[in-house]
Trainee: 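I have a structure I would like to understand better, so I am pasting it below and will then ask my questions one at a time.
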Amino acid sequence: MASRTASKDIITLRGSAAIVSEFFGYAANSILYNRAVYPEESFTKVKKYGLTMLLTQDEGVKTFIASLTSQLSEWLEAGKLQRIVLVIMSKATNEVLERWNFNIVTDAEVVEKGAIKEKSDKEIMREIQAIMRQIASCITYLPCLDEPCVFDVLAYTDTDVDAPGTWVESDAKLISNPQMVKLHSFDTKIHKVDTLVSYKKDEWDEEE
Amino acid sequence: MDAGSHSISSEKSRAAAPRPPLQEAGSRPYMPSLSTGSRNPSAKCYGDRFIPDRSAMDMDMAHYLLTEPRKDKENAVGVVASPSKEAYRRLLAEKLLNNRTRILAFRNKPPEPENVSFAEAASSNLQAKPAKQRRHIPQSAERTLDAPELVDDYYLNLLDWGSNNVLSIALGDTVYLWDASSGSTSELVTVDEDSGPITSVSWAPDGRHIAVGLNSSDVQLWDTSSNRLLRTLRGVHEARVGSLAWNNSILTTGSMDGKIVNNDVRIRNHVVQTYEGHSQEVCGLKWSGSGQQLASGGNDNLLHIWDVSMASSMPSAGRNQWLHRLEDHTAAVKALAWCPFQSNLLATGGGGSDRCIKFWNTHTGACLNSVDTGSQVCALLWNKNERELLSSHGFTQNQLTLWKYPSMVKMAELTGHTSRVLFMAQSPDGCTVASAAADETLRFWNVFGAPEAPKPAAKASHTGMFNSFNHIR
């Protein structure tokens, strides 16, 4: 029994990559739901991280996120992923309205020497839970998206990464003069993920 | 990507990069300023959220500002950049932000969402307009109708405006219909004294059928095109039915016995679900725009959110568990309004000893904001065309207040009623509001302005609509 609990707290590079990419999948779903990029009806509830999370049932979006996370975990295992950005753009004008930044810092020692770190699942889950709660509560201050929107995901990788043919180079899709809010972080001791949302300032606020 | 190297490199850039004196604050690399004292609105202001964590700073922005062609800056100073300066800049950029990253995106883009709802289509029309001008909000009622024998009871719901542009109001034992297009009044039904007075009216979404809740606990369904009683739902409740809400063919009834019942009006055994959670009279009942969630408020100061998906998963005995039980109000919760532009946002107003308007994320159950209005909140309506909320109040001013959302700045206070404004209803085009008050008048207000894309038919009916003082009977 003792050995079992001990082994639970050990975290490998592979396991950490899986946690981070899975986290990103849920976070993306949660953002798409809370920001109403896709209609409310196209989501179903699941229990995850001790919370009720929403997952899209739209086949197209599902496949997109699934193939995305599988590629991400590959890059995470190689330690070559620096950042993931979920961009929300206006469908009509393609103007970037929000950028959800997930900054990833990988412990180089683990990738190069295969060191093993210790951190309990429970603790990681608690950190992720805090981020998820923050994402859900973001509608309190983010400007309303009152037009149909689309989203895209950007991956910032090292230059020497092999990208499969399904990926293309992209521009950074920046927002000029953005407002930024930093959210919680979580750390698997191998990958540290910082979350930040930047958004276009609501012009409508300044009228007053 | 460690924090140390960034902090050193940006120190260097600040010290080394020559900066002309007349430079605009905006073309500097992003450095959030701690001083929020600048009141000048034209000055670049990065807001109130200073983020001291360098690792989470947007280095992309810094990169962009450092590498973009400095046309504007040079024009301001009036010198063309010398090649050496340009070379220096490039070198600096390379040193500081050397291309360590590739930005990749999937070739296959995610599918575009279809237009979610009517509300979103309406607001994209709004987007097309280049500049929004301030609209005039008339301070007085456009029209006043007499409403004698209107029951002065906070817990009832006696006014509704159907999709056919006909207003229904219950006065005592009688339901009257007032056609807003023609201004004509007709009587739908007078119930006998032992089953009256009427405690609630609600138009079905089709604008043809109307549900009438009675003091005797019965609910009648009427066809207004033929003035015929279609059916009576009996035995559903043990006390008066003060609140009604439609969700397609489901008529949800809320009663003084604390029960909320979903009735499928198409089938013989019409009771399909019962929601038990209130211990006192249910006075507020509203389905969300998507028909996924039902909000109910009661005299027990409780607000419940019920979810359709939870109901279907538990068919046993028709008893259901609420998704959220919200206990923040300190008086009866009657005023409920689902936001038309954000699907999981609900506004609620509390009674005399609470006086607050609260906003909820109904997905998480979190209270997003609470505003003390200083007076009993009787009814709430969202503007379908703008991000605004209208509330109606009781003592002391008996006013209607228009709030800007989300800042909750008061935009207008409309006075005129001499007693509490019990009920409000919105015209199908969303621009006119009818309010019925305990002073036995029904007043019409052009408070929400014209929709961005006016429908010619609706417009024509409105110009001829408000011209005289009429009696409803």
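Letters A, B, ... are given to chains in the order of the sequence lines, protein chains preceding strands, and every chain is numbered from 1.
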Trainee: What are the two closest non-hydrogen atoms of A/L54 and B/H363, and how far apart are they?
Mentor: CD1-CE1, 2.7 Å
Trainee: Where does A/T52 contact chain B at under 4.5 Å (heavy atoms): side chain, backbone, both or neither?
Mentor: backbone
Trainee: Is it the side chain or the backbone of A/R35 that comes within 4.5 Å of chain B heavy atoms, both, or neither?
Mentor: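 For A/R35, side-chain heavy atoms alone lie under 4.5 Å from chain B.
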Trainee: Looking at CD1 of A/I135 and OG1 of B/T364, how far apart are the two atoms once the value is rounded to the nearest 0.5 Å?
Mentor: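 Separation between the atoms: 13.0 Å.
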Trainee: Do you know the tightest heavy-atom contact between A/A136 and B/N361?
Mentor: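 In this case the closest contact between A/A136 and B/N361 is O-ND2, 3.4 Å.
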Trainee: Can you tell me how far CD of B/Q342 sits from CG of A/L145, rounded to the nearest 0.5 angstrom?
Mentor: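 A/L145 CG to B/Q342 CD: 8.0 Å, rounded to 0.5 Å.
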Trainee: Is it the backbone or the side chain of B/S343 that comes under 4.5 Å from a heavy atom of chain A, or both, or neither?
Mentor: both
Trainee: Would you indicate whether the side-chain heavy atoms of B/F359 and A/T140 approach each other to under 4.5 Å?
Mentor: no
Trainee: Would you mind reporting whether B/L323 and A/K45 have side-chain heavy atoms less than 4.5 Å apart?
Mentor: yes
Trainee: Tell me, side chain or backbone of A/V153 under 4.5 Å from chain B's heavy atoms, or both, or neither?
Mentor: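 Only the backbone of A/V153 comes within 4.5 Å of chain B.
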Trainee: Is the number of heavy atoms from other residues, nucleotides or ligands within 6.0 Å of CZ (B/R325) greater than 12?
Mentor: yes
